[in-house]
Amino acid sequence: MSTRTRTKKAALSKEEREELLELYRQMVLIRHFEQHCDRAYRQDKIGGYLHLYIGEEALAVGFISQLQPNDRVLGHYRDHGYVLALGSDPRRVMAELYGKVTGLCRGKGGSMHFYDKAHNFLGGYAIVGGVIGIATGVAFSQKYRQSDGITLCFFGDGAMNAGLLHECLNMAGLWKLPIVYIVENNKYAMGTPVELHSAVTNLAERASVYGFPSCQIDGMDVLKVREAAREIIHHVRTRQEPYFVEAITYRFVGHGAADITDPGSYRTREEIEEWRKRDPIPNLQHYLLQNGICTEQELEAIDQQAQRIVEEAARYADESADPPLDELWQHVFAD
Amino acid sequence: MSTRTRTKKAALSKEEREELLELYRQMVLIRHFEQHCDRAYRQDKIGGYLHLYIGEEALAVGFISQLQPNDRVLGHYRDHGYVLALGSDPRRVMAELYGKVTGLCRGKGGSMHFYDKAHNFLGGYAIVGGVIGIATGVAFSQKYRQSDGITLCFFGDGAMNAGLLHECLNMAGLWKLPIVYIVENNKYAMGTPVELHSAVTNLAERASVYGFPSCQIDGMDVLKVREAAREIIHHVRTRQEPYFVEAITYRFVGHGAADITDPGSYRTREEIEEWRKRDPIPNLQHYLLQNGICTEQELEAIDQQAQRIVEEAARYADESADPPLDELWQHVFAD
Amino acid sequence: MATRLFREAIREALIEEMDRDETVFLIGEDIGRYQGTFRVTEGLFQKYGPNRVWDTPISEPGFIAIAIGAAMEGLRPVVEVMTWSFAFLAMDQIVNHAAKILYKSGGACPVPLVIRGPAGPGKQLAAQHSHSFELWVAHSPGLKVVLPSTPADAKGLLKTAIRDNNPVMFIEHPQLYLTRGEVPDGEYTIPFGVADIKRVGRDVSIITYSRGVLLAQQAAERLQQEGIEVEIVDLRTLMPCDWETVFNSVRKTHRAIALHDDWRYCGFGAEIAAQIQEQAFDWLDAPVLRVAGADVPMPYNKYLERAAYPQVDDVIAAVRQVLT
Amino acid sequence: MATRLFREAIREALIEEMDRDETVFLIGEDIGRYQGTFRVTEGLFQKYGPNRVWDTPISEPGFIAIAIGAAMEGLRPVVEVMTWSFAFLAMDQIVNHAAKILYKSGGACPVPLVIRGPAGPGKQLAAQHSHSFELWVAHSPGLKVVLPSTPADAKGLLKTAIRDNNPVMFIEHPQLYLTRGEVPDGEYTIPFGVADIKRVGRDVSIITYSRGVLLAQQAAERLQQEGIEVEIVDLRTLMPCDWETVFNSVRKTHRAIALHDDWRYCGFGAEIAAQIQEQAFDWLDAPVLRVAGADVPMPYNKYLERAAYPQVDDVIAAVRQVLT
Ligand SMILES: Cc1ncc(C[n+]2csc(CCOP(=O)(O)OP(=O)(O)O)c2C)c(N)n1
Ligand SMILES: Cc1ncc(C[n+]2csc(CCOP(=O)(O)OP(=O)(O)O)c2C)c(N)n1
Ligand SMILES: [Mg+2]
Ligand SMILES: [Mg+2]
């Protein structure tokens with residue numbers, strides 16, 4: 001594993017140590033949160049489509065760890081990891097999934113449509129590619145206002161083939177918008193492998209013809225993601241130009257919780273097992289221990305705390321009320 | 001001028017000579033045809049939007065000279081040159097512009113919407129980018145049927161920013177469709193110069209990330225266009241893969257016949273004059289004479305014949321009838 | 001007669017037409033190797049191979065445009081949209097290209113194209129995935145519009161759609177895929193523009209299609225116990241539409257209800273009401289009522305969702321109202 | 001009061017709102033350096049510079065999506081579409097994003113966006129450039145829909161649109177740009193959802209908007225000579241729509257005609273007819289008639305084009321019919 005090679009014992013400052021533990025805390029929280037969602041879906045507490053982030057945690061956590069208050073994040077429908085990494089209240093996130101009025105969107109959005117403005121999350125979008133346009137507009141507003149903020153836009157490899165991507169990369173390059181496009185290349189768009197949906201499978205290369213930099217990174221190693229994110233976000237903020245990142249990652253679970261054909265129909269159990277060896281969580285765990293940054297007990301404590309937070313979130317969601325029926329007619333128009 | 005350098009007197013066969021004169025014949029015919037359209041527009045004999053091909057003749061003529069019976073051509077709304085080069089009856093073309101029932105489309109399509117199946121023209125499309133999708137489908141059918149045909153798809157630099165282009169280049173590359181995408185880069189999309197609409201102004205480069213070859217050619221020199229077309233079309237036909245061509249060209253007239261702001265509003269008279277020095281017609285004329293391929297008299301005769309054809313076409317269009325009113329309700333649905 | 005699931009009947013139609021005509025092919029997202037999200041195309045990739053069943057990238061405008069071009073060359077593409085909500089991306093291809101090419105070519109270029117897939121609410125898919133789609137395409141001359149309510153109709157109408165020389169929008173309801181019904185044995189087709197009286201009654205005409213037919217039947221059974229006889233007119237195709245059968249039904253019952261899941265405002269129920277009052281004004285004893293979706297984006301919460309589109313009680317209430 | 005061309009009135013509204021609010025900006029194709037295809041934005045690039053007036057590539061889905069994102073951040077984009085026929089390319093952005101974001105965010109994210117531009121026939125632009133567009137957007141909860149008929153209305157309604165916190169579809173008729181009318185001096189706005197009785201009459205109500213109002217006025221003048229008094233209800237906004245004024249007019253005249261350029265089948269006239277017969281059934285002496293566009297793609301030939309959408313004689317004929 002890549003991180004195994006990093007063995008020089010760095011004398012870490014308190015802050016640095018805390019940052020590392022926070023990365024771990026967030027990834028573990030997301031993992032437990034998603035595992036609970038999977039169970040809740042089978043108990044019909046969660047409906048609709050449910051897309052889990054299991055295996056891809058390092059991406060949201062690594063990138064979002066480098067943001068500042070004026071920055072914004074938008075993503076596609078596989079969006080639980082983004083809001084949790086941004087610090088949304090897990091109880092309100094779970095309540096949204098349960099369709100409760102206490103949810104992030106009062107139970108009207110559901111898994112594919114999170115919003116949490118207070119935490120700079122401007123939406124998960126259920127239409128493949130849709131987020132790319134909106135996020136480019138958010139970055140446009142940052143430029144328009146000459147704010148120091150930048151925008152992170154997360155989407156999947158399947159969205160590489162949406163015409164909207166091409167239109168927006170061109171305008172972002174033309175107008176030098178402060179945005180980082182992050183394609184989570186988890187090798188599949190639903191049941192279709194990248195080789196069958198993309199004429200050129202190097203997605204960073206596909207995005208290299210719009211007049212701004214693009215690169216490929218290892219999305220399974222949160223430390224590498226964080227390092228790359230630090231440089232890239234700094235570049236975008238200071239140079240005021242877009243950046244395209246292809247993050248190589250993998251989802252350990254089916255496309256959606258409803259998909260019972262996976263593994264088998266389009267990928268093998270063996271392939272999944274191979275990738276599980278690169279699971280970002282044990283990966284970081286090993287690094288922290290090997291470098292004496294923390295103890296087994298501390299990690300154990302973090303894990304248990306995450307479980308408690310998720311249980312508490314589930315209880316909160318269970319006990320929350322459904323939106324009153326007259327909510328049906330509210331929020332069609334703003335005053 | 002590029003062609004001036006070609007001075008070696010090639011001993012031409014009858015066929016070769018005839019081919020060269022035919023290129024000249026077609027370009028001159030298109031030029032006279034378009035000049036008449038411009039006048040007819042001011043006389044209200046032609047309505048709607050009228051986009052002339054003056055200055056770009058070498059492109060349609062050079063490429064189409066290399067086609068075979070199973071090949072197909074589609075283009076955007078600036079489509080007069082394509083059908084004339086394909087051998088459509090100029091009388092029916094003019095009649096369509098006059099909105100007459102004897103027109104290519106019974107007067108229902110007009111300048112932006114030519115069709116002439118008998119001559120392998122599957123349509124001009126008024127929506128920028130629209131032709132790219134339809135043409136890719138036509139090439140798809142050629143592959144589906146394992147015909148030996150290929151498709152030429154002509155569009156403008158403005159269409160480079162249509163998402164549809166990106167989607168179709170990807171599928172064409174993925175499925176190895178026999179199509180040549182030809183962007184007529186005449187430096188402007190209506191009043192917008194390429195530098196203001198394309199983050200990367202080398203359009204061939206923009207199209208280079210879809211797994212098939214792309215190149216730039218001089219679109220003002222019909223001999224160079226013909227040479228390039230011969231190689232490219234042979235490549236596409238034999239290798240069964242797409243090809244992207246950026247042809248550098250220029251329109252000597254306004255975007256549309258209705259545009260009275262040009263020159264002045266977005267380009268200078270001087271710029272137009274500079275480009276007129278590269279006018280493909282005198283350019284070929286000079287080559288033919290300098291190489292003793294034909295005489296002034298022959299060229300003069302060709303010119304007069306072209307004028308006669310256009311006058312005859314205009315007369316035919318004038319004398320043709322408008323479609324009967326009940327045509328309004330015909331062709332909404334096919335039987 | 002054998003019974004079939006709605007989605008099996010669709011699959012049968014695809015198989016029969018692909019067998020009889022080499023030019024018929026399927027194209028869409030995850031319809032081949034993955035067998036289709038709603039399993040409609042299960043087994044067809046294995047049966048017909050990659051030249052007849054095309055898995056596409058997520059490029060709706062692109063692959064629908066490709067289907068149009070292929071159709072102009074005489075192929076008969078059957079496009080699957082995973083849901084019609086994604087067809088908004090291809091609206092320019094559908095409305096401004098497929099629907100216009102025959103006309104603007106002066107009749108020279110027919111476009112024998114079928115686009116099929118699910119549209120409608122009921123699975124908590126929320127605002128961006130739950131659209132009904134019939135109105136968008138019915139309001140576009142040059143397109144035919146089909147919304148079957150039973151497996152037998154689905155099969156017979158789809159076979160007609162594939163043989164039709166025009167762009168046909170074939171809209172399936174996700175709540176119908178697992179409904180079962182009798183399907184005639186052997187070869188048959190059902191013509192467009194012929195409504196089907198799914199139930200004969202004297203008191204009120206419910207003019208509807210797709211899921212609305214099942215809803216109307218449930219309502220009719222409950223109302224029958226009170227001696228109210230509901231007539232159910234299943235339009236089956238909205239373009240062409242069999243207005244004569246509608247008018248005749250209303251001339252008999254003197255009362256009409258238009259029923260659909262789609263939004264009420266400017267929905268197809270408005271056209272039904274407008275036509276009935278135009279053509280059967282003097283036979284009407286009461287205004288034509290509309291039972292339709294609430295004019296709101298679809299909410300995720302399941303109770304709000306249920307409240308957002310017609311349920312049996314809504315139909316029953318409307319019948320009582322139109323009778324008083 | 002000064003008189004203004006329709007397009008000048010629109011320009012005045014843009015200038016006044018850009019002056020009073022830094023967050024208002026214009027974005028579209030060739031609207032800046034090139035001054036706009038219909039010259040509506042003439043001089044504005046010179047006046048406000050490149051950060052307030054954005055020339056875009058030909059990427060309707062892209063720049064409309066960008067406007068939506070900018071609006072979510074509190075800017076007030078005014079998008080120009082060269083014609084609404086090109087908005088089909090951005091249907092997903094308009095219907096499935098702009099219209100849905102407020103609702104699916106539970107009220108958290110308003111989208112204060114205006115999309116404006118010409119829509120309609122009359123310039124021989126043929127099938128792909130001549131669409132009316134109101135129905136597509138009126139059938140989409142979350143969008144407001146405005147179609148002014150006079151310079152004064154255009155200015156007052158556009159100012160309201162720019163200050164509105166929702167996506168507003170502002171649809172201009174190309175045949176109106178060079179019409180002239182009086183425009184009040186100084187600051188004013190016109191509220192949405194308030195119809196304007198453009199002419200008072202007792203015999204028949206013509207319910208219309210946009211170019212239809214001019215057509216109705218010409219018809220009304222000719223009919224007056226025969227003593228027929230036409231009332232003209234200019235809806236001005238279709239969502240929200242001032243139905244009370246419509247019903248009151250019909251309760252007075254007992255006869256109604258719905259008039260628009262858009263296709264008849266499933267056009268807004270169907271909603272007008274449906275609502276009137278629902279709410280004013282007992283006041284109606286005759287069915288509500290529809291005078292609307294022929295259900296065909298727009299032909300290029302000028303005589304066919306004229307025959308494809310309503311002319312004064314069609315309106316007069318309908319009035320006579322509804323009166324007999
Ligand atoms: C325009 C559109 N087409 C199809 C779909 C259905 N769909 C939802 S997710 C998905 C696959 C997307 O894969 P990818 O972009 O790689 O993201 P991942 O799920 O792998 O994270 C598809 C086809 C959609 N939501 N939107
Ligand atoms: C989707 C769309 N948007 C806008 C237009 C209006 N329009 C017609 S031609 C044109 C410029 C196209 O320029 P280019 O593609 O370079 O072709 P050229 O006219 O230079 O040959 C524009 C913006 C259109 N027809 N379609
Ligand atoms: Mg993926
Ligand atoms: Mg150009």
Side-chain angles (χ1 to χ4, degrees), chain A residues 72 74 96 101 103-110 112-118 122-127 129-147 149 151 153 162-172 174-175 177 323 327 329-335, chain D residues 22-25 27 50-52 54-77 79 89-90 92-93 95-113 140-144 164-168 192-193 239-240:
Chain A
R72 302 284 187 263
L74 298 87
E96 185 59 32
V101 70
L104 287 179
C105 307
R106 309 184 59 82
K108 294 171 109 167
M112 301 195 291
H113 302 115
F114 286 169
Y115 287 83
D116 189 351
K117 265 183 142 172
L122 285 179
Y125 295 85
I127 297 301
V131 63
I132 296 163
I134 310 283
T136 306
V138 169
F140 176 97
S141 74
Q142 290 167 320
K143 180 188 172 110
Y144 185 94
R145 291 203 163 104
Q146 291 160 19
S147 106
T151 296
C153 174
L164 189 63
L165 174 86
H166 171 76
E167 298 188 356
C168 290
L169 294 189
N170 181 55
M171 283 184 277
L174 198 58
W175 298 339
L177 303 182
E327 279 258 337
W329 296 98
Q330 285 165 31
H331 313 307
V332 179
F333 290 108
D335 305 335
Chain D
E22 282 283 307
T23 67
V24 177
F25 70 93
I27 183 166
N51 199 49
R52 302 289 300 280
W54 292 74
D55 283 317
T56 68
I58 305 171
S59 305
E60 284 81 0
F63 66 76
I64 288 177
I66 285 174
I68 295 168
M72 288 169 65
E73 281 283 287
L75 298 182
R76 296 189 171 271
V79 175
L89 285 98
D92 178 64
Q93 278 64 45
V95 173
N96 218 0
H97 287 86
K100 304 293 199 305
I101 286 170
L102 180 74
Y103 197 88
K104 72 197 188 79
S105 67
C109 293
V111 181
L113 165 72
S140 183
L143 303 179
K144 295 188 177 182
D164 195 282
N165 288 324
N166 298 281
V168 179
F192 290 172
M239 172 54 67

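Worth knowing before you read on, the calculation uses all heavy atoms, side chains too, and leaves out hydrogens, waters and symmetry mates. The shown structure was predicted, so the numbers you read here are calculated from the model rather than taken from an experiment. Each chain gets a letter, A, B and so on, in the order the sequences are listed, and its residues count up from 1.
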Which atoms of D/L89 approach chain A - backbone, side chain, both or neither, heavy atom under 4.5 Å
neither
Heavy-atom distances under 4.5 Å only: say whether D/N51 touches chain A with side chain, backbone, both or neither.
both
Shortest non-hydrogen contact from A/A126 toward A/H113
CB-NE2, 3.3 Å
When heavy-atom pairs shorter than 4.5 Å are enumerated against chain A, which of D/D92, D/I68, D/I64 gives the highest number?
D/D92
Quick one about A/Y144 and D/R52 (side-chain donor to acceptor, distance below 3.5 Å, no hydrogens or angles considered), yes or no?
yes
Going through the checks in order, is the side chain to side chain contact (heavy atoms under 4.5 Å, CB included) test met by A/Y115 and D/K104?
CA-CA 8 Å; A/Y115 287 83; D/K104 72 197 188 79; 3.0 Å; yes
Checking D/L143 against chain A: side chain, backbone, both or neither under 4.5 Å from a heavy atom?
backbone
Under a 4.5 Å heavy-atom cut-off, does chain A meet the side chain of D/K144, its backbone, both or neither?
both
Whatever's closer than 4.5 Å to a heavy atom in chain A on D/Q93 counts as side chain
Separation between CG (A/L177) and CD1 (D/I66), nearest 0.5 Å, reads 6.5 Å
Contacting moiety of D/N166, where chain A heavy atoms sit under 4.5 Å:
side chain
Engaged part of A/F140 at the chain D interface, taking heavy atoms whose separation is under 4.5 Å:
side chain
Side chain, backbone, both or neither: which part of A/L122 has a non-hydrogen atom closer than 4.5 Å to chain D?
both
Charged N to carboxylate O below 4.0 Å: is that the case for A/E96 and A/R106?
no
